[in-house]
2 protein chains.
Amino acid sequence: MDKIDKKIIKLLSANARESFANIGKSVDLSAPAIGKRVKQLEEKGFILGYSLRLNHDKLGMTTRAYINLKIHQSSTLRTAYNQIKTFKEVQRCDRVSGEDSLCILAYFKSNKDLVTMLERISQYGVPDTRIILES
Amino acid sequence: MDKIDKKIIKLLSANARESFANIGKSVDLSAPAIGKRVKQLEEKGFILGYSLRLNHDKLGMTTRAYINLKIHQSSTLRTAYNQIKTFKEVQRCDRVSGEDSLCILAYFKSNKDLVTMLERISQYGVPDTRIILES
DNA sequence: TATTTTTTTGTCAATTTTGTCCATTTTTTC
DNA sequence: GAAAAAATGGACAAAATTGACAAAAAAATA
C-alpha cells in the first residue's frame, strides 16, 4: 500500500471502468503494472468490488430516509441487525453507539413503502425517522 | 427503462467491470446491444458513474460515525451543507426533516480526526454523534 | 382498420482498444 | 553486491466500439 496504490484507488473510485492504460499515464506506469497492482489490491482485500453510482430519483426511488432504531431488548439486536440488512430497500444498516442501536438508510418508491418498512421493523424497536430532503 | 435495462443495472451494481458480452449472455443480447443500452443509461442520467467498494478498515479509516447536526440559524443551513459536503472525510451529507437539519456520514483515521471535524462543524450547529460499531 | 412511414433496437463483421502473459531488465532491499 | 520484488515491452487474447444494415415497434396516414 504505497502512494501509487492510493492514487489508483482514487482514480478507480472516480471511475471504476477507467482503463489500466489511462491510469498508468496518471501514475507513470505501464498498463500491466497497473493490472498487477489492482489484482493485488483485490486479493489483499482493499478493493471489495466495483459498483454503480445511480440516480435513484430517476429510477423511481423518490422516498429516502434514515431510520434510527432503539431496540426493545438488547437480546434481539443481533437478530434485528441481520434481518434488516437483508431488506431490499436497505442501503446501509449500522450498529451504532448511543441510545439508538441501529442506524438504517433505505430508499423507497413511495412513502407508503416507507410506512410498510416502519411497521415491519417496529417489532424490534422504536423507529425514529428522518426523511432525506436533499442529497 | 425496460426490464432488460433494470437487469443490466442490477448486474453492473454487483460488478461494474463485468464485460458487456457476459451481461449479454444473462439477458440474451449481443455485446454491442448491451454497450448501446449502457451508453443510453449514462446519457439519460440513470447511471451517474462507476465506483469502488472499499474496505475502509484496511485502508486505515477505522473510526466511522454518523453525525446529526442541529443548525443554529436556518439561514446558515445552505452554507453549512455546501461546506460540509466538500470535507474529504465525508461520505454522505443529507438535508433531512426533523429537528436535526443535516445527517452526515464520515470516515476517519482515528477518533482524534473525528473530534477535529466536530470542532469544525460546531460553528454551524450542535452535533450529535453516533459511532459506528459494526457494518 | 389496414398500411405506410418513421423510429428504435437489434445483429453481424471489421476495427480498435484493452487486458494479460511471458521473458527480460530495472529497481529495491538487506 | 546478491537476492527479491517490481516494471517493461512485445505478443496474443479478450473486450469494446463502429458502421452498415435488418427487424421490430411505434406513429402517422389513408
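Below, chain A is the first sequence line, B the second, and so on; all start at residue 1.
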Quick one: which of Met117(A), His56(A), Met61(A) gives a side chain to side chain contact (heavy atoms under 4.5 Å, CB included) with Phe108(A)?
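When side chain to side chain contact (heavy atoms under 4.5 Å, CB included) is applied between Phe108(A) and each of Met117(A), His56(A), Met61(A), only Met117(A) qualifies.
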
List the protein contact pattern of nucleotides 24-30 of chain C with one symbol per nucleotide (5' to 3'): B for base contact, S for sugar-phosphate-only contact, - for none; contact means a heavy-atom distance under 4.0 Å.
-------

Going 5' to 3' through nucleotides 10-19 of chain D and flagging B where a protein heavy-atom sits under 4.0 Å of the base, S where only the sugar-phosphate is that close, and - otherwise, we get -----SSBBB

More than 12 non-hydrogen atoms from neighbouring residues, nucleotides or ligands closer than 6.0 Å to [atom1] on [X], yes or no?
| X | atom1 | result |
| --- | --- | --- |
| Asn82(A) | CG | yes |
| Lys39(A) | NZ | no |
| Lys85(B) | NZ | yes |
| Glu134(A) | CD | yes |

Work out how much the helix from dT1(C)-dA30(D) to dC30(C)-dG1(D) bends between its end axes, five pairs an end, to the nearest 10 degrees.
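Roughly 50° between the end axes, to the nearest 10°.
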
Length of the line joining [X]:[atom1] and [N]:[atom2], which is rounded to integer Å:
| X | N | atom1 | atom2 | result |
| --- | --- | --- | --- | --- |
| Met1(A) | dA6(D) | CE | P | 14 Å |
| Gln40(B) | dG10(C) | CD | P | 8 Å |
| Glu42(A) | dG19(C) | CD | P | 12 Å |
| Leu29(A) | dT8(D) | CG | C1' | 10 Å |
| Leu41(B) | dT9(C) | CG | C1' | 14 Å |
| Tyr50(A) | dG19(C) | OH | P | 11 Å |
| Asp2(B) | dT9(C) | CG | P | 8 Å |

Spacing of Leu118(A) atom CG and Arg120(A) atom CZ [to the nearest 0.5 Å]
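CZ of Arg120(A) is found 11.0 Å from CG of Leu118(A).
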
Output the distance between atom CG (Asp94(B)) and atom OH (Tyr81(B)), rounded to the nearest 0.5 Å.
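Answer rounded to 0.5 Å: 6.5 Å.
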
Is Asp28(A) salt-bridged to Lys7(A), going by a charged N under 4.0 Å from an acidic O?
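No, Asp28(A) and Lys7(A) are not salt-bridged.
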
Is it true that a side-chain atom of Thr62(A) and a backbone atom of Asp57(A) form a donor plus acceptor pair closer than 3.5 Å?
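Not at all, since once roles are kept as given, no pair shorter than 3.5 Å links the two residues.
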
If only atom types and distance count, is the side chain of Thr76(A) paired as donor or acceptor with the main-chain N or O of Thr79(A) below 3.5 Å?
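No, the answer is negative, given that no donor and acceptor are paired below the 3.5 Å cut-off.
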
Determine, using the 4.5 Å side-chain heavy-atom cutoff (strictly less than), whether Phe46(A) and Tyr50(A) are members of one ILVMFWY cluster.
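Per the 4.5 Å side-chain linkage, Phe46(A) and Tyr50(A) are co-clustered.
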
Considering just the side-chain nitrogens and oxygens of Ser30(B), establish if one lies under 4.0 Å of OP1 or OP2 belonging to dT11(C).
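Checking dT11(C) against Ser30(B), a side-chain N or O does come within under 4.0 Å of OP1 or OP2.
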
